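Below: one structure, written as structure tokens.
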Amino acid sequence: MCLGFNKKMNVQKTLIDWYLGNKRDLPWRNTTNPYYIWLSEIILQQTQVAQGLPYYTSFVTNYPSVFDLASANESEVLKLWQGLGYYSRARNLHASAQYIANDLNGEFPKSFSEIIKLKGVGDYTASAIASICFKEKTAVVDGNVYRFLSRYYGITTPINTGKGFKEFKAMAQDLIKTVDPATFNQAIMEFGARQCKPKSPECTVCPFNADCAAFINNEIDNLPVKLKTLKVKKKFFNYIVILSQDNKTMLEQRTGKGIWQNLYQFPLIESNKPADYETILQEVEMLDYVKSETLELSLYNTTDIIHKLSHQHLYTKFWIATVNTDLPEGIPFKKADTFPVPILIGNFIESFNF
DNA sequence: AAATCGGGGAA
DNA sequence: TTCCCAGATTT
């Protein structure tokens with residue numbers, strides 16, 4: 001798409017003027033240190049500012065430099081990340097920190113094409129870092145950018161397709177050509193987040209309402225267009241919380257490919273339908289560290305806890321298995337909350353209060 | 001291209 | 001409920 005020169009200038013200026021008058025004071029806006037910008041951008045992937053903010057503060061405090069992050073162990077990083085979700089971000093962040101510290105002598109890569117090679121860094125994040133830290137004219141395309149551009153120009157191409165990405169990237173790239181890229185990128189995102197919101201955008205006081213295609217044509221609620229593919233699977237999780245005579249329980253690390261990789265959990269019995277007491281009892285008796293003749297099993301939560309993820313609903317029961325024996329391989333109850341665990345487990349540990 | 005990966009906020 | 005969030009990676 002080729003935009004008229006004057007109209008384009010006006011869009012750039014309006015966005016930047018709005019930003020300078022309305023931007024939030026956020027900690028990562030007071031630095032251009034690529035380590036901190038990188039940290040903030042990874043944390044903010046698919047995450048609202050309000051949710052990510054305390055994690056950013058925590059990571060900056062615990063790991064003031066890339067060397068501090070690199071020398072931490074992965075479980076410690078995952079523990080700090082606990083509750084934020086998408087844990088591959090934490091694993092990739094840690095791995096990339098080690099790469100930067102050890103292979104690049106702590107020197108952060110300085111161009112889009114080098115930055116995007118880092119694990120966990122895609123087009124959006126590389127554009128953000130390159131523009132904010134190194135003034136490179138690479139336009140960001142995130143959810144906010146899709147929304148503003150699709151509405152203002154009335155673009156109906158689905159945003160979650162390869163064609164959509166290329167079209168919106170080209171449009172944003174065209175807009176960023178002649179302006180300060182760091183300010184422009186943050187302006188268009190902030191505008192999408194606070195003014196051109198997904199629901200109930202502030203159109204009556206919007207500086208673009210005179211020539212916004214979606215507003216003029218009453219299409220605000222229909223843009224951007226997104227193809228929906230979601231099909232949610234149901235799973236049934238049974239967590240076995242062992243209480244031993246020597247005040248220990250069992251935690252295992254998830255090593256498989258799926259969700260919560262490398263996080264910890266109680267021994268899990270998964271089934272494709274709701275499990276009954278007898279079935280669980282038999283399964284628990286077969287666990288090699290449980291002595292069957294001393295086992296007492298009871299259901300902790302009478303109604304399933306339904307933990308909702310994007311692609312699956314986990315119907316969860318916590319079973320308390322009390323044994324009259326010691327648990328040499330176990331961990332003390334009191335230390336359960338020092339392990340990185342999914343929030344589903346974390347909530348249980350907190351409520352159970354060992 | 002489609003599926004997968006979390007958890008919380010907003011309406 | 002439903003949709004979305006300063007997306008990236010794997011299949």
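Remember, it's a predicted structure, so these values are computed and weren't measured experimentally. Below, chain A is the first sequence line, B the second, and so on; all start at residue 1.
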salt_bridge(A:E76, A:K79) N-O dist < 4.0 Å: no
Sugar-phosphate, base or nothing in reach of A:W28, heavy atoms under 4.0 Å: base
A:H307 vs A:K233, nearer the 5' end of DNA chain B by closest nucleotide: A:K233
Sugar-phosphate only, base, or nothing, as touched by A:N185 at under 4.0 Å among non-hydrogen atoms: nothing
5′-ward residue of the pair A:K257/A:N347 relative to DNA chain B: A:K257
A:N144 vs A:E190, side-chain contact (heavy atoms from CB on, under 4.5 Å): CA-CA, chis, key distance, verdict: CA-CA 8 Å; A:N144 297 306; A:E190 187 83 339; over 6 Å; no
Length of the CD1-C1' vector between A:I159 and C:dA8, whole Å: 15 Å
Of A:F168, A:F208, A:Y153, the residue whose pairing with A:F148 passes ring pair (Phe, Tyr, Trp, His ring centres under 6.0 Å): A:F208
Sugar-phosphate, base or nothing in reach of A:G162, heavy atoms under 4.0 Å: sugar-phosphate
Short side-chain N/O contact to C:dG7 OP1/OP2 from A:Q46, under 4.0 Å: yes
A:E41 CD to C:dC5 P, straight-line distance once rounded to whole Å: 15 Å
Smallest separation among heavy atoms of A:T125 and A:Q45, with atom names: OG1-NE2, 2.9 Å
Value in whole Å for how far the P atom of C:dG7 lies from NZ of A:K169: 13 Å
Residue closer to the 5' end of DNA chain C, A:G120 versus A:R147 (nearest nucleotide): A:R147
Check: A:Y300 ring centre within less than 6.0 Å of A:F352 ring centre: yes
From CA spacing to verdict: side-chain contact (heavy atoms from CB on, under 4.5 Å), A:I155, A:Y146: CA-CA 9 Å; A:I155 310 295; A:Y146 279 126; over 6 Å; no
Between A:W81 and A:Y86, ring centroids under 6.0 Å: no
Between C1' of C:dA6 and CD of A:Q186, the distance in whole Å: 9 Å
Interatomic distance, A:D123 CG vs C:dA8 P [rounded to whole Å]: 7 Å
Identified side chain to side chain contact (heavy atoms under 4.5 Å, CB included) partner of A:V66 from the options A:Y36, A:F108, A:Y35: A:Y35
From A:K13, A:K23, A:R194, residue fulfilling side chain to side chain contact (heavy atoms under 4.5 Å, CB included) relative to A:W18: A:R194
Sugar-phosphate only, base, or nothing, as touched by A:Q261 at under 4.0 Å among non-hydrogen atoms: nothing
Within residues 195-208 of chain A: residues closer than 4.0 Å to DNA chain B (heavy atoms): none
Sugar-phosphate, base or nothing in reach of A:S88, heavy atoms under 4.0 Å: nothing
Whole angstrom value for the distance that separates P of C:dA6 from OH of A:Y86: 13 Å
Atom pair distance, as rounded to whole Å: CG in A:D142 and C1' in C:dC4: 12 Å
Separation of the P atoms in B:dA11 and C:dA6, to the nearest angstrom: 14 Å
Nucleotide C:dT1, atom P - distance to NE2 of A:H313 in whole Å: 8 Å
DNA chain B: 5'-most and 3'-most nucleotides touching chain A, 4.0 angstrom heavy-atom criterion: B:dA1 to B:dG9
Residues from residues 51-60 of chain A lying under 4.0 Å of DNA chain C - heavy atoms: none
Cluster link A:Y264 to A:L344, ILVMFWY, side chain under 4.5 Å: yes
Sugar-phosphate only, base, or nothing, as touched by A:V145 at under 4.0 Å among non-hydrogen atoms: nothing
Distance below 4.0 Å between A:K308 side-chain N/O and C:dT2 OP1 or OP2: no
B:dG6 versus C:dT11 - spacing of their P atoms, nearest Å: 14 Å
Side-chain donor/acceptor contact of A:R29 with base of C:dA6 under 3.5 Å: yes
Among C:dC3, C:dA6, C:dA8, the one nearest A:K228 by side-chain distance: C:dC3
Residue mapping more 5' on DNA chain C - nearest nucleotide basis, A:K119 or A:R24: A:R24
Nearest listed nucleotide, side chain of A:T125, among C:dA8, C:dA6, C:dT10: C:dA8
Sugar-phosphate, base or nothing in reach of A:K163, heavy atoms under 4.0 Å: nothing
Sidechain N-carboxylate O distance under 4.0 Å for A:E202, A:K197: yes
Touch class at under 4.0 angstrom, heavy-atom based, for A:I43 against every strand present: nothing
Backbone N/O of A:A128 and side chain of A:N185: donor-acceptor pair under 3.5 Å: no
Atom CG of A:D221: over 12 foreign heavy atoms under 6.0 Å: no
Within one Ile-Leu-Val-Met-Phe-Trp-Tyr cluster: A:V121 and A:F112, side-chain cutoff 4.5 Å: no
